[in-house]
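Have a look at the structure below before the remarks.
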Amino acid sequence: MTKLLDKVFDYIKEQGMLQPGERVVAGVSGGADSVCLLLVLAEWKRRYPMELTVVHVHHGIRPEAVDDARFVESLCGRYGIPY
């Protein structure tokens with residue numbers, strides 16, 4: 001996993017996507033892709049100073065959307081990320 005994260009972080013740096021001290025708001029639905037993004041950003045935050053906040057929009061379209069919102073909130077709590 002560390003090797004993969006190193007590759008991702010190298011790409012972020014090469015492309016100038018994130019700079020230390022930046023403020024990032026990430027939309028996290030609870031699906032695999034956005035959870036992966038959250039975990040990558042959480043690790044970036046651990047290594048480099050930045051402000052990270054997560055936003056989840058519960059549209060109420062799917063019955064399981066309540067579970068998605070709770071999952072994202074719980075994950076943010078585990079990583080100390082404002083939700």
Side-chain angles (χ1 to χ4, degrees):
M1 181 69 161
T2 300
K3 202 170 196 178
L4 177 62
L5 277 175
D6 289 341
K7 285 184 178 184
V8 171
F9 289 173
D10 287 346
Y11 184 81
I12 289 170
K13 291 173 191 173
E14 288 168 9
Q15 300 301 314
M17 297 170 78
L18 290 172
Q19 301 298 319
E22 284 191 321
R23 179 178 300 165
V24 175
V25 177
V28 180
S29 67
D33 54 348
S34 65
V35 170
C36 180
L37 172 66
L38 172 58
L39 297 177
V40 167
L41 289 173
E43 181 60 23
W44 179 274
K45 181 180 185 299
R46 193 181 72 74
R47 296 183 190 189
Y48 306 101
M50 72 176 288
E51 290 182 46
L52 175 60
T53 301
V54 166
V55 174
H56 174 85
V57 178
H58 178 354
H59 296 287
I61 297 171
R62 298 176 298 113
E64 62 274 11
V66 172
D67 295 333
D68 293 342
R70 287 185 186 133
F71 172 69
V72 173
E73 184 176 19
S74 171
L75 196 56
C76 288
R78 202 173 323 155
Y79 285 90
I81 297 169
Y83 169 81

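Values in this document were obtained by computation on a predicted structure and should not be read as measured data.
- Clustering of Ile, Leu, Val, Met, Phe, Trp and Tyr by side-chain heavy atoms under 4.5 Å joins Val25 with Val55, Val57.
- Scanning for side-chain hydrogen bond (donor to acceptor under 3.5 Å, both in side chains) contacts around Glu14 gives an empty result, with sequence neighbours left out.
- Within the structure, side chain to side chain donor-acceptor pair (under 3.5 Å) contacts touching residues 54-63 (residues at least two apart or in different chains) are Arg62-Glu64, Arg62-Asp68.
- Contact check for Val8 versus Ile12: side-chain heavy atoms found under the 4.5 Å cut-off.
- Crowding of Phe9 atom CZ: a count of heavy atoms from other residues, nucleotides or ligands under 6.0 Å exceeding 12.
- In this structure, CG on Asp6 lies 6.5 Å from CG on Asp10, to the nearest 0.5 angstrom.
- Evaluation of the side-chain hydrogen bond (donor to acceptor under 3.5 Å, both in side chains) rule for Glu51 yields Arg23 as partners, not counting sequence neighbours.
- Legend: residues meeting side-chain contact (heavy atoms from CB on, under 4.5 Å) with Ser34, ordered by chain and number and at least two apart, are Val28, Ser29.
- Screening residues 24-43 for ring pair (Phe, Tyr, Trp, His ring centres under 6.0 Å) gives no qualifying pairs among residues at least two apart or on separate chains.
- Val66 and Val35 sit in two unconnected hydrophobic clusters of ILVMFWY residues. Membership requires side-chain heavy atoms under 4.5 Å apart, directly or through other members.
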Identify each donor-acceptor pair in which a side-chain atom of residues 38-45 lies under 3.5 Å from a protein atom, sequence neighbours left out, and give them as a table.
{"from": "Glu43", "atom 1": "OE1", "to": "Arg46", "atom 2": "NE", "distance (Å)": "3.0"}
{"from": "Glu43", "atom 1": "OE2", "to": "Arg46", "atom 2": "NE", "distance (Å)": "3.2"}
{"from": "Glu43", "atom 1": "OE2", "to": "Arg46", "atom 2": "NH2", "distance (Å)": "2.8"}
{"from": "Glu43", "atom 1": "OE2", "to": "Arg47", "atom 2": "NE", "distance (Å)": "3.0"}

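- Applying the salt bridge (Lys or Arg N to Asp or Glu O under 4.0 Å) rule to pairs touching residues 69-83 yields Asp67-Arg70, sequence neighbours excluded.
- With sequence neighbours excluded, no residue forms a side-chain hydrogen bond (donor to acceptor under 3.5 Å, both in side chains) with Tyr83.
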